[in-house]
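Below: the structure, in structure tokens.
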Amino acid sequence: MKKTVRCLCFVLLLLMTMAWGMAAATEALPAEVEALLRAALPSHIISHAQQCGNTAAAVVSDGQTQTLCVAEQNNGIWQLVVCNPNALRQDTPVTSLYLDTDEVLFWSYHSYDAVYDTYNAYRSQSDHQWHVGGMMQSETHDNGNITEAHLSHNSGRLHYTTYFCDENENVLSARQYTPVPAAWLEEQLLLTAYDDSRFPKPNQ
């Protein structure tokens with residue numbers, strides 16, 4: 001039951017993320033944040049941007065390379081804390097960006113028809129740095145049913161669960177796989193150093 005509720009909540013959040021991200025893709029950022037982005041990447045333009053409280057996030061692109069940026073405000077001063085092109089796929093444009101509170105960030109790709117990949121990152125309470133938490137791949141089939149693959153990294157292990165839902169997003173069944181030791185990923189999940197090409201994908 002708890003897994004069902006978790007799955008439904010995640011689906012709802014995903015749908016809200018995509019809708020809100022598309023609606024607010026060009027949300028105006030504070031002038032100080034825009035100045036930081038121009039100074040760091042003068043040839044790039046903002047394709048997606050969001051602010052929530054003391055955090056602002058943006059995807060900026062020069063037409064060839066897209067870069068994920070996160071800025072934080074401390075004592076009234078904005079600082080760029082993440083500026084990482086490797087965090088994003090370069091062969092697939094980001095389709096939505098969403099800050100859920102100022103400590104949780106989502107970004108999504110619409111890979112092809114009816115398939116979405118959504119990543120999440122969070123600011124850790126222990127070291128105040130941004131860490132990649134994992135991803136979810138959602139695919140809608142011709143009959144309306146949905147397959148969701150959840151991949152996350154916790155306590156040095158990769159956790160993988162697949163949910164099978166009907167067209168109304170009710171969970172029909174779920175399969176939880178044995179966690180895989182992956183302590184080697186720990187340091188690479190800092191958002192400043194994260195390389196998407198090295199993170200395992202559900203379909204791989």
Side-chain angles (χ1 to χ4, degrees), residues 10-11 13-27 29 33-34 36-38 40-50 56-71 80-100 104-122 130-142 146-153 158-163 180 182 184-204:
F10 199 97
V11 171
L13 179 58
L14 174 63
L15 294 174
M16 291 172 62
T17 295
M18 294 186 293
W20 182 264
M22 289 184 283
T26 56
E27 178 180 313
L29 294 174
V33 176
E34 292 192 6
L36 288 172
L37 295 176
R38 284 196 300 270
L41 299 163
S43 62
H44 290 55
I45 61 171
I46 297 172
S47 58
H48 298 271
Q50 273 232 303
V59 174
V60 297
S61 173
D62 63 357
Q64 294 182 327
T65 302
Q66 52 183 358
T67 300
L68 181 62
C69 299
V70 179
L80 197 60
V81 296
V82 175
C83 185
N84 184 5
N86 294 325
L88 302 178
R89 301 176 187 174
Q90 299 305 325
D91 58 350
T92 308
V94 171
T95 52
S96 67
L97 182 77
Y98 176 66
L99 275 168
D100 179 39
V104 181
L105 174 66
F106 294 88
W107 65 95
S108 298
Y109 306 90
H110 188 182
S111 302
Y112 46 91
D113 289 346
V115 175
Y116 281 89
D117 290 343
T118 298
Y119 290 74
N120 70 83
Y122 62 95
W130 287 85
H131 299 255
V132 175
M135 70 167 295
M136 184 193 79
Q137 186 173 84
S138 174
E139 179 177 2
T140 302
H141 303 284
D142 291 340
I146 301 168
T147 301
E148 289 184 0
H150 295 236
L151 184 65
S152 63
H153 185 271
L158 279 172
H159 299 264
Y160 180 45
T161 305
T162 302
Y163 295 94
V180 178
W184 60 273
L185 268 176
E186 197 75 49
E187 293 183 359
Q188 298 175 39
L189 290 177
L190 282 174
L191 192 53
T192 52
Y194 177 69
D195 185 343
D196 180 77
S197 67
R198 297 199 63 187
F199 193 79
K201 307 295 190 297
N203 59 2
Q204 297 173 355

Kindly indicate whether the side chain of [X], heavy atoms from C-beta on, has any atom under 4.5 Å from the side chain of [Y].
| X | Y | value |
| --- | --- | --- |
| Thr192 | Trp130 | no |
| Gln66 | Val60 | no |
| Leu189 | Phe199 | yes |
| Glu186 | His153 | yes |
| Trp107 | Gln50 | no |
| Leu105 | Tyr98 | no |

As an exercise, state the distance from [atom1] of [X] to [atom2] of [Y], rounded to the nearest 0.5 Å.
| X | Y | atom1 | atom2 | answer |
| --- | --- | --- | --- | --- |
| Leu68 | Asn86 | CG | CG | 11.0 Å |
| Asp62 | Leu41 | CG | CG | 8.5 Å |
| Tyr160 | Ser152 | OH | OG | 12.0 Å |
| Ser108 | Tyr119 | OG | OH | 10.0 Å |
| Cys69 | His44 | SG | NE2 | 8.0 Å |
| Ile46 | Thr67 | CD1 | OG1 | 12.0 Å |

Say whether, by atom type as modelled, one donor and one acceptor occur between the side chain of [X] and the main chain of [Y] under 3.5 angstrom.
| X | Y | answer |
| --- | --- | --- |
| Glu148 | Tyr163 | no |
| Asp100 | Phe106 | no |
| Gln90 | Leu88 | yes |
| Gln188 | Ala193 | no |
| Asp117 | Met135 | no |

Which atom pair, heavy atoms only, marks the closest approach of [X] to [Y]?
| X | Y | result |
| --- | --- | --- |
| Ala57 | Leu99 | N-CD1, 3.9 Å |
| Asp196 | Arg89 | OD2-CG, 3.2 Å |
| Leu97 | Val59 | CD2-N, 4.1 Å |
| Pro85 | Thr65 | CB-CG2, 3.8 Å |
| His48 | Val94 | NE2-O, 2.9 Å |

